[in-house]
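Residue numbers count from 1 along this sequence. Just so we're clear, the structure is a prediction, and the values are computed from it rather than from any experiment.
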Amino acid sequence: MAAPEAWRARSCWFCEVAAATTMEATSREAAPAKSSASGPSAPPALFELCGRAVSAHMGVLESGVWALPGPILQSILPLLNIYYLERIEETALKKGLSTQAIWRRLWDELMKTRPSSLESVTCWRAKFMEAFFSHVLRGTIDVSSDRRLCDQRFSPLLHSSRHVRQLTICNMLQGATELVAEPNRRVLETLASSLHTLKFRHLLFSDVAAQQSLRQLLHQLIHHGAVSQVSLYSWPVPESALFILILTMSAGFWQPGPGGPPCRLCGEASRGRAPSRDEGSLLLGSRRPRRDAAERCAAALMASRRKSEAKQTARAAPATRVTRRSTQESLTAGGTDPKRDLHPPATSHEAPGTKRPPSAPATTSSASASSSTSSSKRAPASSAPQPKPLKRFKRAAGKKGPRTRQGSGAESEDLYDFVFIVAGEKEDGEEMEIGEVACGALDGSDPSCLGLPALEASQRFRSISTLELFTVPLSTEAALTLCHLLSSWVSLESLTLSYNGLGSNIFRLLDSLRALSGQAGCRLRALHLSDLFSPLPILELTRAIVRALPLLRVLSIRVDHPSQRDNPAVPGNAGPPSHIIGDEEIPENCLEQLEMGFPRGAQPAPLLCSVLKASGSLQQLSLDSATFASPQDFGLVLQTLKEYNLALKRLSFHDMNLADCQSEVLFLLQNLTLQEITFSFCRLFEKRPAQFLPEMVAAMKGNSTLKGLRLPGNRLGNAGLLALADVFSEDSSSSLCQLDISSNCIKPDGLLEFAKRLERWGRGAFGHLRLFQNWLDQDAVTAREAIRRLRATCHVVSDSWDSSQAFADYVSTM
C-alpha cells in the first residue's frame, strides 16, 4: 500500500501547485484576450497551464517533478526548456519515457534544417545540443528569443558543451577567442574531455591575436584533451603561419606564444609526474641525446614564427594609441594599420630599425623569418625578393567589440569575401628561396646551418591520430613542414590528402612516409590520397606507397587526369629518385582494402597485378574508371585475383566499359570466395543482352556464397529485371540477400511482375532491394502496388525521382 499512498501524495502535491498557479497564469492571459480585436482564442487546457507554471518554477520544484509518476511526467516533458529537459533525461529513462521525439521537434522548430538523408541520427538530444553550442558560440542564435532556450540559471555554452563531439571553426577563427577567455574556463575544460573531432572550414587570413587564441585552444584540446582528429576543408589560399601552426600543434609540438600566459595544466602535469616513455618522450630538450631532422626542422619553423610574431606585436602596439576609434579598429583587426598596408616593405630582410607593416603575415616563410640571423651564410639583403603583403579582410559592418560576429549576416559577408577576394600571392623568387632552404633541411642538414634557431625549450605532447586536408593547396613551405612532421608522427593512424596540388612534393612525401614506417611504434594504417595530377603514373605511385608503407591496411588513391607535365619542380629536383620507381618486386604487405580511381587512358595490367600479388591479405578491391588495352588484360587481373587474393570478399568496378568482357564477368560470378560484387555503370548489357542474361543468371544460381550484387546504371530494363527474378526460383542455390538495381530504366509494370514472380515462388527472396532513380513515377498506382508486394519479402529502399530527367537515356535505348 506504500506505493499507491506515495502516488496519491505526489498527485495531490501537483494539484496544489496547479491550483496555486492557475489563477495567476489565467489572469495574465485574460487581459490581452479582452483587448483582441478578433476575439479571444481557445484557452489552454488546465493541465497545460499547470505544466507551464511548473516549468517556470523548476528551480524550486525540480526534485519534486523528478519524483512524479510516469504518466504525469510524460505530459510535462514537452513544456520544459532545453536545460531541464536535458537534466531530466536519466530520470525519464528509468520510468520508461523517451525524449527523442521532443528533441526532434525542437530541432525542426529551432534549427530549421533537415539532416542529410545519408546521416543516421541515433540521439537527437546530442545532435541538438551540439548544434546549439556551435550557434551560441558563433552568435547565430539569440537565446532570449525563445523561452525554451533562455534560463538565467544556466550557461548555454557550459550546459551544452558536454555533448559536443565535433567542433567546426570557420572563416576568421570565430569562437577561438571566446573559448579561451577566463569566463569560459569551465567550458573549455569540458570540451577537452568530450571533443573528438576539430574541423576548420573556409578559413580566411587572421591576425596575431586570433592565432594566439587558437594556439591556446589547440594546446588545451589536443595536448591536454581528447581530440583525435583534425580536418581542414576548402582553404584555397592558405596562410602559411596559420597552417603551420595547426600542423605543428596537431603533431604535438608546443611553445607558448609571445606574451601568452603560461599553461596551468603544463605546470600541474610537470609537478605531478615525470614524462612517460610511452608518450613519445614529451620533452625535446637536452635530455634527449639528439633530435632527428623532422623534430629539429619543425621546432625551428615554430621558433622562427614565434620570433616574427613577437616583433609584429611589439611594433603594432604604438600604432594603436592614436585615437579611441583607431584603438578599437586596431584591436579588432589584430593591430593592423591600414595606412601601412599600402606600402610593401623594401626587402624581405629587415634592418634593425626598419618598420615592417603589421598586415604582413607572421612569417611569410621560415627562410625570411630567420634571414637576419644567417645573412653571412646566405645571399645579401639587397638581392632578396620582395614579397607582397597579404590582404586583410574587413570585419562586418557594425561590429566594434571583441566579438567577431553577432548573426548570420556576418557569416554571409565572410563567405562573400572568401569567394570573391583574391589574396596577394608570393613572388616566384621567394618560393624558390623557401624551396632551397627547405631542401637543405630535408637532406638532413642541421637547421642551425640555415639560420633556423634551435628550440631546446619546446615540448612535445599528445598528438592526434587522424589528419585530413581537403582542397588545401600546399605551398613548398607547407608541404615541407608536413613532410618533416610526418617522418616522426608515430601516433598518426589515418592520413587524408585530397586535392592539395602536391606536384613534385609527392616524392618528399614518400620519403617521409618511408622514414615514418621505420620508426618504432608507427601506427599509420590508412592513407587516402587524391589529386588532379601526379608526376608519377597512378600504378607507379601505388607501388611506391606500398613499398614505403608495408604495414598499411587501407589505401585509397585517385588521380583525375593523366600527367602530361608536372607542376614546377623544386630547384635541384630533376626527377623522381631511383629508389621510388625501382623495378624490383614489391615485398609482401598487409593491405586489406585497396581503392583506385584512374585517369583516362589504358593502364598496364602487369603493374596492377604486381601490386595484387604482393597483397595476399586483400579483402576489398575497388577499381574506378580503369581501362585496359584488351579484355585479355582484364582477364589477367581477374586471374591474379583468383590465384593470389584468396581472402578477397568484396570487389567493385565503377565506370568501366565491360561490354566486351562478358566472359570475364561470368568468371567472376562463378568465384566461390566473393561475397559482394558491384558493377556500377559498366555497360554490362550493351551487347548480346538476350544471350548474356541467361548465362549470368545461371552462374548466379550456382553460387551459394555471393550475398550482394549491385548493378546500378547498366540499363537493365524490365526484361533484364524479369530475367534476374529466376535467380530466386525454387531450383536455385543462390543465397543473394542484397540487390541494387538503381538507375536501370525499370518501369512500374515490370517491377510489379517481378514482385508477383517472387510471391509465386514463395520464398524469402533477399533482405534489401534498392530502386533509386528508376521510372516508377510513370504509373504511381502500379508502383505503389509493386512496392507493397515486395515489402512482404524484403526491405525496399526507393525515392520519388522525376524520370523526365532521363529522357536522353530513354531515347538511346529505343
Asks: Strictly below 4.0 Å, N to O, side chains only: are Lys127 and Glu130 in salt-bridge contact?
Replies: no
Asks: Decide, yes or no, whether a salt bridge links Asp511 with Arg508 under the criterion of side-chain N to carboxylate O below 4.0 Å.
Replies: no
Asks: Could you walk me through whether Gln166 and Thr197 pass the side chain to side chain donor-acceptor pair (under 3.5 Å) test, one step at a time?
Replies: CA-CA 5 Å; Gln166 175 179 298; Thr197 303; 4.8 Å; no
Asks: Test side chain to side chain contact (heavy atoms under 4.5 Å, CB included) on Leu469 and Thr496 and set out the steps.
Replies: CA-CA 6 Å; Leu469 305 179; Thr496 299; over 6 Å; no
Asks: Please confirm whether the backbone N or O of Arg547 pairs with a side-chain atom of Asn589, one donor and one acceptor, at under 3.5 Å?
Replies: no
Asks: Got a sec, which residues hit side chain to side chain donor-acceptor pair (under 3.5 Å) with His219, two or more places apart in sequence or on another chain?
Replies: His223, His224
Asks: Who passes side chain to side chain donor-acceptor pair (under 3.5 Å) against Gln620, sequence neighbours left out?
Replies: none
Asks: What are the two closest heavy atoms between Val546 and Leu591, and how far apart are they?
Replies: CG2-CD1, 4.1 Å
Asks: Please lay out, stage by stage, how Arg525 and Glu493 fare under the test salt bridge (Lys or Arg N to Asp or Glu O under 4.0 Å).
Replies: CA-CA 5 Å; Arg525 296 295 181 266; Glu493 299 177 5; over 6 Å; no
Asks: Whether the side chain of Ser475 engages the backbone of Ala478 through a donor-acceptor N/O pair (distance < 3.5 Å, no angle test) should be reported.
Replies: yes
Asks: Please name the pair of heavy atoms, one in Pro473 and one in Pro238, separated by the smallest distance, quoted to 0.1 Å.
Replies: O-CG, 3.2 Å
Asks: Report yes or no: does Asn171 contribute a side-chain atom to a donor-acceptor pair with the main-chain N or O of Leu203 at less than 3.5 Å?
Replies: no
Asks: Under a 3.5 Å distance rule, please check whether Asn500 uses its side chain to pair with a backbone N or O of Leu502 as donor and acceptor.
Replies: no
Asks: Going by the rule side chain to side chain donor-acceptor pair (under 3.5 Å), which residues pair with Ser498 if we only count those two or more places apart in sequence or in a different chain?
Replies: Ser530
Asks: What are the two closest heavy atoms between Ile557 and Ile545, and how far apart are they?
Replies: CD1-CD1, 4.1 Å
Asks: Do you know which two heavy atoms are closest between Arg558 and Tyr499, and how far apart they sit?
Replies: CD-OH, 3.8 Å
Asks: For Arg162 versus Ser194, what's the shortest heavy-atom pair and its separation?
Replies: O-CB, 3.7 Å
Asks: Under 3.5 Å, side chain of Asn184 to main-chain N/O of Glu178, donor-acceptor pair present?
Replies: yes
